[in-house]
Structures are given as C-alpha cells and as structure tokens.
Amino acid sequence: MAISDQDWKAEQTRVTDVTAKISSKITQLEADVGLVRGDVINMRKEFWDEVTVNFSNPDDLGETSTNLRQQAQVLSERERSHLQSSKALKKYKKLVYSPYFGRIDFREEDMNQEEPIYLGIGSFMDDDSETFLVYDWRAPISSLYYDGAPGITRYETPSGTVTGEMSLKRQFVIHDGVIEVLFDTGVTIGDELLQQVLSHSADDRMKSIVATIQREQNAVIRNDKTRMLIVQGAAGSGKTSAALQRVAYLLYKYREVLQADQMILFSPNPLFNSYVSTVLPELGEENMQQTTFQSYLEHRLGREFELEDVFTQTEILLNAPDTPAHRARLEGIAYKSSVPYLDVIRSYKDLLEREGMMFRPVVFQGRVIISGDEMTAQFYGYDSAVKLAGRLDLMREWMLKRLSDFSNEERKASWVEDHIELMDPDDYHRAYQTMRRKQSKKEVSFNDFDQERELLGRMVVSDRLKPLRRWIKRFRFVDVKGLYRKLFADERLFRRLAGNEAALPGSWTEVCSQTMQKIEHKELFYEDATPFLYLKELLQGFRTNTSIRHVIVDEVQDYSAFQLEFLKRLFPRAKMTVLGDLNQAIYAHGEALGSLENLVSLYGKEETEVINLTRSYRSTYEIVEFTRKMIPGGEVIVPFNRPGEEPCVIPVKTEAELTKSVISDIRSLHDKGYHYVAVICKTEEESRRVQKQLSAEIPVRLITKNTPAFEKGTLVVPAYLAKGVEFDAVIIYNGSNEVYSKESERKLFYTACTRAMHELHIYHVGEKSTFLPQN
C-alpha cells in the first residue's frame with residue numbers, strides 16, 4: 001500500500017530522532033567502557049596490593065582468605081560490567097545504522113489506547129520516558145509482525161495469551177538513518193521487501209533474515225516445545241537461515257539458563273561453517289559451537305585408523321568405472337548405513353555378553369603378563385547379570401592390580417639394576433625428591449644402600465609401566481578392531497546376528513573382502529567409521545556430553561541411521577533440530593535414510609514435529625520452474641515471484657569450444673555486476689582440469705574440501721561441495737548425458753543447478769542430460 005508524503009515525513013522524523021538517541025547512548029557507552037576497562041586493568045595490576053596476606057595464625061589466615069575473596073568479587077563485578085557494556089555498545093552500533101525494519105499498531109483487548117510497536121535486531125529503551133523505542137524481533141509481541149494480519153489477533157507470552165486488534169503492519173528499509181523503502185502490507189512480509197533483498201548480489205557470508213522472515217519460517221524459529229524438530233525444505237527455502245535465527249531466538253528467550261556454547265551445529269563441511277559464521281554475531285549473539293561429523297570421527301578414531309571422509313568416498317564413486325568391485329562398494333555402503341545393520345551391531349553386543357569377546361594380551365618387553373585366554377576367563381567369570389561395560393570396568397581394576405603385583409616383582413630383575421647404573425643425575429635427583437616427600441621433613445640421604453636400591457628400582461619400573469597402565473585404563477585391551485573384523489571374516493556369525501533369513505547384499509563376499517583389506521591396512525571406509533565407533537562405545541560405555549542442550553544438524557539427508565542414532569546417544573539431554581531436503585541426498589549412504597518417517601522414529605511421533613518449507617526464495621521464478629522439473633515430486637515446490645532470465649541450455653561440439661564459451665560467459669556475467677560466479681563440475685578431478693584450462697585466460701579459484709572460505713570472483717567447485725551455499729550465477733560446465741546419466745546422479749545435478757540466484761547456464765558436449773527438462 002502506498003504511503004502518503006505526510007506519513008513518510010513523520011516516519012523519517014522518528015527515524016532521525018531515534019538514531020540521534022542511539023548515537024547519544026553510543027557516546028555515553030564508549031566513555032563508560034573505556035573507564036571500566038581502565039579500572040579492570042588497574043585492578044588486575046594492583047590486585048595483591050589491596051590484599052593483606054598473613055599466614056602466621058588461623059585468625060590471620062581467615063582474614064587473608066576473606067580479603068582475597070572480596071577483592072576477587074570486586075574484580076569479577078567490574079569485568080562483568082565491562083562485558084555487558086561492550087555487548088550493548090556493539091548492538092547499538094548496528095541499530096544506529098538501521099534502527100528497525102517493521103512496525104505494527106496494536107491495541108490490547110479492554111485497552112483504549114493503540115500502541116505502535118517498532119521491531120529491530122535488538123531492543124532500545126528511551127531512558128527519559130522509560131519506553132521501548134525499538135522492540136527486539138524475538139520479543140513475544142513481535143510474533144504478530146510475522147504471523148498476524150490486520151484485524152483481531154493474538155500472541156503468546158510466558159504468562160498466557162494476549163488478544164487484541166492490529167490495525168497496521170508497516171515495513172521499512174533504512175540505511176544510514178534514511179528511509180529508502182516504506183510500505184504497508186497485509187498477511188505476509190511484503191513481496192516488495194523480499195524482492196529488494198533477493199535481487200541483491202550473493203555474498204561470502206550468509207545474512208540475517210529477520211526483516212523478511214515468512215510465517216512458515218517463523219514457525220521454525222519460535223518452536224521451543226518439541227524434543228526434535230524436523231525441517232524438510234526445498235532448495236532455497238531458507239531452512240538454514242531460519243535455523244540460525246532459531247538459535248538467536250532460543251538464546252534470547254532462555255538467556256538466563258542457555259548459553260551459546262551449549263548449542264552445537266553439525267554442518268556439511270568446514271567451508272559451510274565459514275559461510276554461516278557471521279549470522280549470530282550480526283544479531284548480537286555469540287557464535288555457537290560449529291563442527292562437522294567427520295571432525296568428531298577424526299577426534300575419536302584418528303589415532304587408530306586413517307579415516308576416509310565423505311568427499312573422498314564420493315569422488316571415488318563418481319570416477320569409478322562400473323565394475324563388480326564398484327557395485328559391491330555401493331551395496332556395502334547402502335547396507336552399512338541401514339537400520340538392519342544397526343540392529344546387527346546391537347545384537348553383536350548382546351552375543352558378546354555370553355561369548356566371543358576378544359582381548360589383546362598385556363605384554364611387557366616381549367613377555368606376556370596377562371594372556372588373552374586369562375582375560376576371557378576372567379570376563380566370563382563375572383556374574384552374567386553385570387552388563388558388558390560394567391564387566392569391563394571390573395576387568396580394568398583386576399588388570400591394574402595384576403600389573404601392580406608384577407611391578408613389585410619386576411623391581412628385582414637384572415635389567416632394572418642395569419638401568420639404575422646408567423641413570424642420569426636428573427633422574428637420581430628426582431628419586432631423592434620423591435624420598436624426601438615420603439619422609440616428610442626428616443633429613444634424608446641415600447646412605448642406606450638397600451633403601452636407595454628399592455626406591456630407584458620402584459621408580460624405574462613405574463616409569464616403564466606407565467604407558468601400559470594408561471593402555472589398560474583406556475580399555476585398549478579390548479580388541480574392538482578384531483571384533484569388528486570378525487563380522488566380515490565369519491559369514492556364519494554375521495548371518496546368525498542378522499537373522500538367517502535376512503537379505504544381505506548380493507555381493508556380500510566382495511563387501512567383506514574390501515572391508516577386511518581396509519582394516520588390515522589400519523584404514524576405515526567412511527561407511528564403517530560410525531558403526532565401528534558405535535560398537536566400541538557399546539562395549540566400553542558411551543561418552544556422553546550432557547552440557548550441550550541443543551543440537552542442530554544441517555543437510556540431515558546426508559546422515560545415515562547410524563550417525564543420527566550416535567548423535568542421539570552422544571547428547572542425551574539435548575533437543576535436536578534437523579534440516580534437510582530429501583531431493584538433495586547426494587551421497588551414496590543418504591538413500592538409506594529413505595523418508596521422513598525414519599527420522600521421526602529417532603525420538604518418536606510424540607516428541608517430534610515436522611515442518612515443510614515448500615516455497616523457494618533463492619532463485620528467480622524461471623530458475624525454480626526449470627529445476628523443479630528435474631526431480632520427482634518437484635511440483636510441490638512453489639517459486640517466489642521474482643522474475644529473471646530463463647536458464648540457458650547451450651550445446652557445444654568440442655571440449656575446446658566449451659572452454660572458450662565458458663570463458664566468454666564468465667566475462668559477460670562479471671560485466672553484468674555479478675560478483676560470485678560458480679563454474680560447477682561433477683567431481684574434484686574435473687574441477688582441477690577445468691580450473692587449469694580457464695586460468696590460462698581469466699582468474700579463477702578452485703574450491704576443495706580444504707578451502708577455508710569463499711572469495712569474490714569466479715569459483716570452480718565440485719557439485720557436492722556447493723551444497724548449502726548460493727551464487728549470483730552458476731555455469732554447469734558439462735551437463736551432458738555422458739556426465740550425468742545414472743539415476744544416482746540426478747540429485748547431485750539438481751543440487752548443482754539450484755545454487756543459482758539470478759542466472760543458470762548449462763553447457764553440454766553431445767547429448768544433454770536426460771535429467772534436464774525436455775521442453
């Protein structure tokens with residue numbers, strides 16, 4: 001709705017007034033922060049000058065303790081004050097540039113006066129009138145802006161439902177204190193504002209969407225009752241952006257009990273972590289913890305095995321010829337990622353409580369101290385009612401006692417005497433100091449030869465046995481590698497665990513051979529890493545993290561049943577938000593997840609809510625119309641009405657012509673003002689070759705799994721690394737049927753094409769891919 005000149009001037013006057021007050025507050029806070037910082041620095045320097053230290057008698061000792069505690073409290077209070085003032089200063093410096101983006105006029109039921117509510121990324125109160133000039137977008141009343149429409153409406157507060165009438169919903173775009181866009185709207189955030197935001201160039205960082213949050217996205221953001229929230233969203237539907245605003249909302253609503261470091265995001269790759277790293281700071285919140293599932297696997301298993309990552313796995317599969325070994329690998333990935341294989345591992349643990357445990361013998365200098373047979377007998381000698389992990393705890397204590405007995409006997413060995421003779425002065429001095437501590441303040445010397453010999457012998461043997469003692473404490477005596485390998489070495493055992501009637505992959509013998517070969521080289525396939533770790537923790541007890549209260553998993557369609565079950569066990573006190581698009585399940589194990597029903601089963605229907613985001617905002621209307629025809633069920637995807645160029649499908653005859661055309665295209669796109677142009681190839685191998693060809697004429701940068709961040713310009717990127725990010729323009733280097741023809745590659749091709757915001761150009765040598773729309 002058009003705004004009258006009078007209304008526009010009135011709103012601009014208010015903006016000018018509010019920004020002036022914010023500027024004044026900034027000046028005041030800058031002075032305060034400087035003074036407090038100086039106080040903190042001086043207090044740290046003079047801390048001990050302010051404390052009377054006296055340990056001569058108990059009363060003086062108590063007075064000293066009190067002085068220390070009081071001085072520490074004063075310092076802590078000043079540091080806390082400095083931190084709060086600094087955070088407020090950062091928030092106001094953002095607000096002064098653009099103090100708010102929305103306004104609603106609301107009259108509460110049974111109240112005569114209507115109140116204008118202005119919404120921004122943070123709240124700002126007028127110190128003189130003690131009224132809010134700007135409300136935080138996360139405040140309860142602000143939900144009316146995203147969900148309500150003019151007329152009778154309501155919103156929820158901690159104390160109950162508030163009903164009233166909204167007479168106005170107004171939207172702003174303010175830059176540097178000047179209103180650039182101003183209009184009134186109805187039910188949803190107006191298309192005018194979205195058009196302006198979405199027409200901008202891409203960036204190397206994801207931006208906050210608080211000014212353009214849609215009703216369905218707001219449902220994601222403000223959902224705080226469900227144990228597990230599943231967000232199934234089409235490409236470009238804003239699911240990741242909504243999830244990050246959700247984090248900011250939860251940190252605001254539960255600020256008394258929830259901190260940023262109690263939330264963790266599992267993202268698809270380190271590059272994506274960089275891409276989303278500025279969203280929360282932009283909203284005035286600390287960043288949550290960010291990692292990848294691969295990083296966690298490396299942390300837990302990296303010392304024992306060389307781990308394959310999902311990108312290496314994908315690269316191998318995309319480049320491999322269609323051979324029996326390749327087909328076996330695909331079958332193995334599918335099976336090892338499935339719920340039936342999860343059940344096999346659980347059944348294996350139950351079986352091991354009765355039989356079949358494998359232990360590594362305890363060996364010292366080539367001598368067996370405790371044999372594997374002894375350990376097996378001890379393990380199964382415990383009461384069968386004791387759980388497996390509990391028996392291993394008992395085993396550990398028994399083994400440490402056996403090691404202690406061995407240590408006492410070993411002090412008399414001849415090698416100990418030899419070692420004492422060669423002991424250097426530092427070790428000798430260490431032994432002397434140890435003796436002094438044991439004898440308290442008595443005068444100690446090594447005049448007694450036998451006493452000296454005993455002490456030095458004990459020290460020598462203890463030092464030599466330290467690694468073995470640590471080995472036992474870490475349960476390294478459990479041969480998890482041997483137990484996992486046995487699953488593939490003994491087909492009768494596996495069928496017993498799976499159920500003799502269970503369907504195993506047709507090439508199971510080859511799957512077993514490939515798996516055992518990897519293990520023997522101290523390597524693990526990506527699809528084996530989580531099952532191996534899961535078995536290890538079933539045996540030794542799970543390492544849980546109870547400090548994390550909320551887990552966010554992005555691109556959940558790329559997780560296997562094993563990985564999701566493991567995350568559930570790893571964070572037992574956490575709520576979980578998972579985001580994904582089943583149409584972008586590009587990795588071989590992703591198909592094992594199958595459907596939303598399998599996700600729902602993780603916590604059960606009672607504790608799970610599913611929200612579907614079907615409207616796509618990233619790409620122009622023409623690009624969404626084009627790409628949604630590439631996948632089954634794409635008709636449910638609703639394009640946002642932002643017009644643009646039709647996608648171009650361009651045939652070329654030769655590789656040389658292709659390179660020449662792409663170079664010309666890139667130059668043209670940059671001339672149009674597009675800062676981020678992606679040349680998307682199928683694999684890293686192809687990307688390296690293309691980058692070399694293009695860089696002879698124009699500057700291009702290759703993106704790999706180790707690239708820390710995006711930069712402006714032309715990027716050459718494998719399709720599987722482009723997930724989750726967006727570019728002004730996308731050039732599919734070769735969308736031919738020769739490159740993209742297998743049904744397993746359809747979603748990879750779709751994912752690559754949906755990265756484009758404004759323009760999509762698809763080249764092909766020979767016949768175009770059958771996945772492309774045929775009209």
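Computed from heavy atoms alone, side chains included, the values below leave out hydrogens, waters and symmetry copies. Residue indices begin at 1 and follow the sequence shown.
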Do S274 and S277 pair up side chain to side chain, a donor and an acceptor below 3.5 Å, judged on atom types alone?
no
Between the side chains of H758 and R618, is a donor N or O closer than 3.5 angstrom to an acceptor N or O?
no
Relative to each other, are the rings of Y341 and F488 parallel, tilted or perpendicular (30° and 60° limits)?
tilted
When you measure from the side chain of K682 to the backbone N and O of G735, does any donor-acceptor pair fall under 3.5 Å?
no
Do any N or O atoms from the side chain of E510 and from the backbone of S507 form a donor-acceptor pair under 3.5 angstrom?
no
Using only heavy-atom distances, determine whether the side chains of T312 and D309 contain a donor-acceptor pair under 3.5 Å.
yes
Examine the side chains of H764 and S769 and answer whether a donor and an acceptor come within less than 3.5 Å of each other.
no
So, E331 and R327, do they make that salt bridge, N to O below 4.0 Å?
no
Indicate yes or no for a side-chain donor-acceptor contact from K239 to the backbone of G233 under 3.5 Å, with no hydrogens or angles considered.
yes
Flag the pair R701 and E711 as a salt bridge only when some basic side-chain nitrogen lies within less than 4.0 angstrom of an acidic carboxylate oxygen.
yes
Under a 3.5 Å cutoff, is there a donor and acceptor pairing between the side chains of D554 and S267?
no
If only atom types and distance count, is the side chain of Q290 paired as donor or acceptor with the main-chain N or O of N273 below 3.5 Å?
yes
When you compare the side chain of V610 with that of N612, does any pair of heavy atoms fall below 4.5 Å?
yes
Shortest non-hydrogen contact between V339 and A561, atoms and distance
CG2-CB, 3.9 Å
Between S736 and N734, do the side chains contain an N or O donor and an N or O acceptor separated by less than 3.5 Å?
yes
Can you see whether Y750 engages R746 through a side-chain donor-acceptor pair at a distance of less than 3.5 angstrom?
no
May I ask you to decide if T291's main-chain N or O and S295's side chain share a donor-acceptor pair within less than 3.5 Å?
no
With side chains defined as the heavy atoms from C-beta onward, is the minimum distance between E759 and V730 less than 4.5 Å?
no
Could you grab the distance from atom CD of Q232 to atom CG of D581, nearest 0.5 Å is fine?
5.0 Å
So, Q693 versus Q691: side-chain donor-acceptor pair below 3.5 Å or not?
no
Heavy-atom donor-acceptor pair, H326 side chain to L330 backbone, under 3.5 Å:
no
Is there a donor-acceptor contact under 3.5 Å linking the side chains of Y733 and T659?
yes
R628 side chain to I637 main-chain N or O, any donor-acceptor pair under 3.5 Å?
yes
Does E285 use its side chain to pair, donor to acceptor, with the backbone of L280 at less than 3.5 Å?
no
Under-4.0 Å salt bridge between K705 and E684
no
For A722 against V717, the heavy-atom pair lying closest together:
N-CG2, 4.1 Å
From the list F293, Y534, F532, ring pair (Phe, Tyr, Trp, His ring centres under 6.0 Å) partner of F562 resolves to Y534
Spell out, as yes or no, whether a donor-acceptor pair under 3.5 Å connects the side chain of D728 to the backbone of V677.
no
Would a 4.5 Å heavy-atom cut-off, applied to side chains only, mark L271 and I703 as touching?
yes
Check whether Q563 reaches the backbone of S560 with its side chain - one donor and one acceptor, N or O, closer than 3.5 Å.
yes
Does a donor on one side chain and an acceptor on the other come within less than 3.5 Å for E315 and N319?
yes
Work out which heavy atom in E686 is nearest to a heavy atom in T683; give both atom names and the distance.
N-OG1, 3.0 Å
A side-chain contact here means heavy atoms from C-beta on lying under 4.5 Å apart; do I680 and R755 qualify?
yes
Ignoring hydrogens and angles, state whether a donor on the side chain of E555 or Q584 is under 3.5 Å from an acceptor on the partner side chain.
no
Shortest non-hydrogen contact from H761 to I650?
CB-CD1, 4.3 Å
Under 4.0 Å between a Lys/Arg side-chain N and an Asp/Glu carboxylate O for R329 and E527?
yes
Closer than 4.0 angstrom, basic N to acidic O: yes or no for E655 and K660?
no
Taking the inter-plane angle between the rings of W508 and Y335 on a 0 to 90° scale, is it parallel (under 30°), tilted (30 to 60°) or perpendicular (over 60°)?
perpendicular
Value rounded to 0.5 Å, distance of OG1 in T714 from CG in L669
8.5 Å
For I548 and D261 the tightest heavy-atom approach is CD1-O, 3.8 Å
Can you check salt bridge (Lys or Arg N to Asp or Glu O under 4.0 Å) on E520 and R485, steps first, answer last?
CA-CA 9 Å; E520 283 159 9; R485 184 187 181 282; 2.7 Å; yes
Over all heavy atoms of both residues, which pair between R642 and S619 is shortest? Give the atoms and the distance, please.
NH2-C, 3.4 Å
Kindly state whether the ring of Y740 and the ring of F749 have centres lying under 6.0 angstrom apart.
yes
Give a yes or no on whether a salt bridge exists between K518 and E306, defined as a side-chain N under 4.0 angstrom from a carboxylate O.
no
